[in-house]
Amino acid sequence: AQSVTQPDIHITVSEGASLELRCNYSYGATPYLFWYVQSPGQGLQLLLKYFSGDTLVQGIKGFEAEFKRSQSSFNLRKPSVHWSDAAEYFCAVALTGGGNKLTFGTGTQLKVEL
Amino acid sequence: SAVISQKPSRDICQRGTSLTIQCQVDSQVTMMFWYRQQPGQSLTLIATANQGSEATYESGFVIDKFPISRPNLTFSTLTVSNLSPEDSSIYLCSVEWRGRSRGYTFGSGTRLTVV
């Protein structure tokens, strides 16, 4: 069965430091890959997505993610974290083709220390 | 991308009652998805709703507890029946959209508290 793993439940970084959030998936083929952010009391916001092509994708708010087929990973990065980045981050995957559900990882709670 | 209007945004309900959540999409979409997010947890898919056919439920979710309607290509409702405190969660609808690109859009969520 398809699955998504976010190994880090909680991460704390200092403001201005770099960030990497890990995501690994288990699928029979390369799925579509997404990162979402959820701030307290807010809805889900799409940060970026990967379907095909360039394995380094740029998203909003200065985030980027790199797809590594050999590692079945899609890690999210940001070179310099801002206090407003504190939120819950979800990696999600969907099978290629249409009409397929999104499966979410367990999420990583990011805390930013000033 | 599609825009979803979901309501109510929150509600407090008595145990044993039901709550119906509505999602209206600004464009026609084939499939709509309903998710549950329990406190401090990730999103879990409840069911997939196609227009004109019965919803497809994920393991652990049943139609009697979570009946879904999908009367047309822009609207769907999820009812959470016979409420218990364990049903206190955020419920979200989602659609897959396709155009020059594709993706999934989510409603703003319904925060349900059962007392």
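Convention: sequence-line order gives letters A, B, ...; per-chain numbering from 1.
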Answer with side chain, backbone, both or neither: which region of B:Thr30 has an atom nearer than 4.5 Å to a non-hydrogen atom of chain A? neither

Do A:Tyr32 and B:Leu45 sit in one hydrophobic cluster, given that two such residues count as connected whenever their side-chain heavy atoms are within less than 4.5 Å of each other, even indirectly? yes

Proximal component of B:Leu43, with respect to chain A [non-hydrogen, under 4.5 Å]: both

Check: A:Lys49 side chain, B:Arg102 main-chain N or O, donor-acceptor pair, under 3.5 Å: yes

Hydrophobic cluster membership, B:Tyr91 vs B:Leu19, 4.5 Å side-chain cutoff: yes

Side-chain donor/acceptor of B:Ser42 to backbone N/O of A:Gly105, under 3.5 Å: yes

Counting heavy-atom pairs under 4.5 angstrom with chain B, the leader among A:Leu102, A:Thr103, A:Leu46 is A:Leu102

Checking A:Lys101 against B:Glu96 for the salt bridge (charged side-chain N to carboxylate O under 4.0 Å, His left out) test, could you report, in this order, the C-alpha distance in whole Å, the side-chain angles of both residues, the deciding distance, and whether it holds? CA-CA 8 Å; A:Lys101 63 184 180 182; B:Glu96 181 188 14; over 6 Å; no

Please answer: with hydrophobic residues joined when any side-chain heavy atoms are less than 4.5 Å apart, are A:Val93 and B:Trp97 in the same cluster? no

Side chain, backbone, both or neither: which part of B:Gln37 has a heavy atom under 4.5 Å from chain A? side chain

Compare all side-chain heavy atoms of B:Tyr35 with those of A:Leu44 and state whether any distance is below 4.5 angstrom. no

Looking at every non-hydrogen atom in both residues, tell me the closest pair between A:Ala94 and B:Tyr104 and how far apart they are. CB-OH, 3.5 Å

Residue A:Ile9 excluded, over 12 heavy atoms near CD1 under 6.0 Å: no

Tell me whether B:Ile4 is reachable from B:Leu112 by hopping between hydrophobic residues (I, L, V, M, F, W, Y) whose side-chain heavy atoms are closer than 4.5 Å. no

Might you confirm whether atom CZ of A:Arg77 has over 12 heavy atoms from other residues, nucleotides or ligands at distances under 6.0 Å? yes

Close aromatic pair by centroid cut-off 6.0 Å: A:Phe104 and B:Phe106: yes

Hey, which of A:Gln45, A:Glu88, A:Gln38, A:Gln109 has the most heavy atom pairs under 4.5 Å with chain B? A:Gln38

Just wondering, are more than 12 heavy atoms of other shown residues or ligands nearer than 6.0 Å to CD in A:Gln58? yes

